[in-house]
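What follows is a short report on a single structure.
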Amino acid sequence: MGSTGATATADDLRRVLLFPLPYQGHINPMFQLAGLLHSRGFAITVFHTHFNAPDASRHPDYHFVPVPGDGGMPTPAGDSSPDTVQATVKHVLAVNRACEAPFRELLAGLLARQPEREEDVACLVADAHLMTMLDVARELGVPTMALRTSSAARFRFFTAFPMLCDKGYLPARQESSSELDDAPVVELPPYRVGDLPSACSAAAHVNMREVISRAVTAVMTSSGLILNTFDALESDELASLRRDLPTAVPLFDVGPLHKLSPAASSSLLRQDRGCIDWLDAQPQGSVLYVSFGSLASMSSSDFEETAWGIAGSGRHFLWVLRPGLVPGAGAGEPPPLPDGFDAAAGGRCVVVRWAPQEEVLAHAAVGAFWTHCGWNSTVEAVCAGVPMLCSPCIGDQMGNARYVVDVWRNGLMLAGGEIERGKVAAVAALMGEGADELRRRAMELKSSAAESIGEAGSSSIMVDKLILELQRKRVERNILCFEEHPQFRSPL
Ligand code: UDP
């Protein structure tokens with residue numbers, strides 16, 4: 001990528017503290033950012049929860065600080081990550097509560113021990129949903145930046161949330177109809193009413209409102225917002241955010257992060273590389289890659305219909321079946337395929353628990369991606385020039401799918417509601433001749449992603465600005481007084 005020479009020198013080694021939200025789709029971009037900052041001369045300290053803890057052995061150059069507190073905290077589905085908006089919102093609030101005191105103690109201890117010159121702490125970059133940690137750091141005089149791991153459009157939705165409540169769009173009505181779902185959100189194009197997240201109860205709506213409002217405040221009171229997006233993809237949304245953010249909060253659109261950083265290696269599940277050998281043997285553009293990310297779940301009847309749709313389509317598939325995809329099925333293992341599936345699929349379908357997704361999407365054999373439209377998956381598909389078939393489930397996924405289908409026009413919506421084997425035939429259309437326009441758009445977007453990280457590309461410039469900003473940041477030591485706060489002394 002291009003550089004204006006903003007790399008830190010060994011004499012000016014600064015340390016950046018990072019704290020990811022403990023879900024795969026949040027951990028990956030945080031570690032990609034870590035890789036980027038490390039390659040530009042910063043020392044890295046990663047604070048993390050015990051739940052979904054990263055594997056420190058894969059990052060021997062980083063310093064890892066486990067934050068106790070979440071050990072006894074139940075997650076909605078035992079050991080797995082929450083799979084509904086309501087459960088996620090509750091879990092995010094619980095993580096914030098549980099980690100506050102231990103994080104305060106650990107951070108204060110780290111500051112008390114930091115050498116005067118070298119490895120001076122520059123900043124805490126925390127996930128914007130770890131709003132309490134951002135508050136704690138600021139209270140201790142540590143500059144903060146918020147990383148948001150979804151789109152710029154999604155943050156615009158966050159800032160518009162109170163207005164959408166005032167106008168009656170939210171909370172979403174329990175009774176939905178295709179007519180209502182298709183109605184435009186006039187104040188926030190291109191969203192439609194059905195793209196807005198629905199809370200299943202008044203209490204869930206209150207929790208969602210709290211998380212969104214606190215996440216917005218965390219960003220607005222930080223000294224920078226980092227987004228994993230790029231100008232050519234979301235230029236209007238980024239321009240609008242720049243108008244709305246306080247001047248003290250510069251916006252760094254540095255994506256696509258997975259293209260800027262050395263191999264992420266932050267996967268919580270072991271990636272099965274055997275599927276790459278199988279892809280090597282398939283004709284160009286012939287395979288449909290199917291994955292719904294780390295959180296989305298489907299009912300057992302949707303799962304059966306998907307399996308029979310795949311088997312009956314005549315196409316080649318690489319299908320990620322992770323444990324937990326069908327709640328209650330598989331007991332820690334992937335859900336069992338229906339009897340007779342292997343014979344019906346006739347060797348055209350390879351199933352893995354977890355794939356090396358970036359590599360899969362970049363493989364010449366992959367012609368399309370049937371996705372839940374998580375933001376990382378969406379950006380990864382954009383960068384690989386792969387058209388998408390969208391089955392959004394929760395959170396930001398409906399909004400991401402809306403952009404894919406209506407704005408970027410590099411994908412199709414798999415008709416909403418329950419999956420039927422017949423609908424899976426849309427897969428054939430996506431990869432057939434009628435998809436030339438989708439492919440053309442996908443390749444255009446791939447080029448613009450590559451340009452953004454090339455010499456003088458928009459993201460390259462933003463990365464340099466971010467590096468300069470981090471080099472300038474300093475802990476405000478004068479507001480720290482450890483002698484007066486013995487509780488801040490850490491055994492570390
Ligand atoms: N991923 C992967 N292997 C898989 C499926 C997904 O490595 O088999 C990665 C994918 O590359 C992406 C992340 O997991 O970086 C999923 O993030 P996303 O935002 O797409 O969805 P989420 O899991 O948060 O719903």
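Treat the numbers as computed from the prediction; the structure is a model and nothing was measured. Whatever order the structure lists them in is the order used to number ligands and atoms, beginning at 1. Side chains are part of it too, since the values below use all heavy atoms of this structure and drop only hydrogens, waters and symmetry mates.
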(message) Using a 4.0 Å cut-off to any heavy atom of Val320, which atoms of ligand 1 qualify?
(response) 8 (O)

(message) Please list the nearest protein heavy atom to atom 5 (C) of ligand 1 with its residue and the distance rounded to 0.1 Å.
(response) Gln357 OE1, 3.2 Å

(message) Whether the side chain of Gln397 engages the backbone of Cys393 through a donor-acceptor N/O pair (distance < 3.5 Å, no angle test) should be reported.
(response) yes

(request) Would you please classify the geometry between the Phe161 ring and the His205 ring as parallel, tilted or perpendicular, with 30° and 60° separating the classes? (result) parallel

(message) Pair Tyr23, His91 - check ring pair (Phe, Tyr, Trp, His ring centres under 6.0 Å), show working.
(response) CA-CA 11 Å; Tyr23 307 136; His91 191 237; 5.7 Å; yes

(message) Starting from atom 13 (C) of ligand 1, what is the nearest protein heavy atom, named by residue and atom, and what distance separates them?
(response) Asn28 ND2, 3.6 Å

(request) Could you say whether the N/O atoms of Asn376 and ligand 1 ever approach to under 3.5 Å? (result) yes

(request) If a pair satisfies salt bridge (Lys or Arg N to Asp or Glu O under 4.0 Å) and one of its residues is in residues 399-408, list it, with sequence neighbours excluded. (result) Arg192-Asp406, Asp195-Arg402, Arg402-Asp406

(message) Geometry only, no angles: is Gln24 polar-contacting ligand 1 at N/O separations under 3.5 Å?
(response) no

(request) Please identify each residue that fulfils side chain to side chain donor-acceptor pair (under 3.5 Å) with Ser150, with sequence neighbours left out. (result) Arg148

(request) Please check if atom CG in Asp61 has more than 12 non-hydrogen atoms from other residues, nucleotides or ligands closer than 6.0 Å. (result) yes

(message) Suppose I only count heavy atoms of Gly293 and a 4.0 Å limit; which atoms of ligand 1 are within that range?
(response) 23 (O)

(request) Look at atom 7 (O) of ligand 1 and say which protein heavy atom is nearest, naming residue and atom and giving the distance to 0.1 Å. (result) Gln271 NE2, 3.0 Å

(request) State whether the shortest distance between N or O atoms of Glu358 and N or O atoms of ligand 1 falls below 3.5 angstrom. (result) no

(message) Just to confirm my output: which protein heavy-atom neighbour is closest to atom 15 (O) of ligand 1, and how far is it?
(response) Glu380 OE2, 2.8 Å

(request) Identify, for atom 8 (O) of ligand 1, the protein heavy atom at the shortest distance, and state residue, atom and that distance. (result) Ala355 N, 2.7 Å

(message) Please confirm whether Tyr289 approaches ligand 1 to less than 4.0 Å, judged on its heavy atoms.
(response) yes

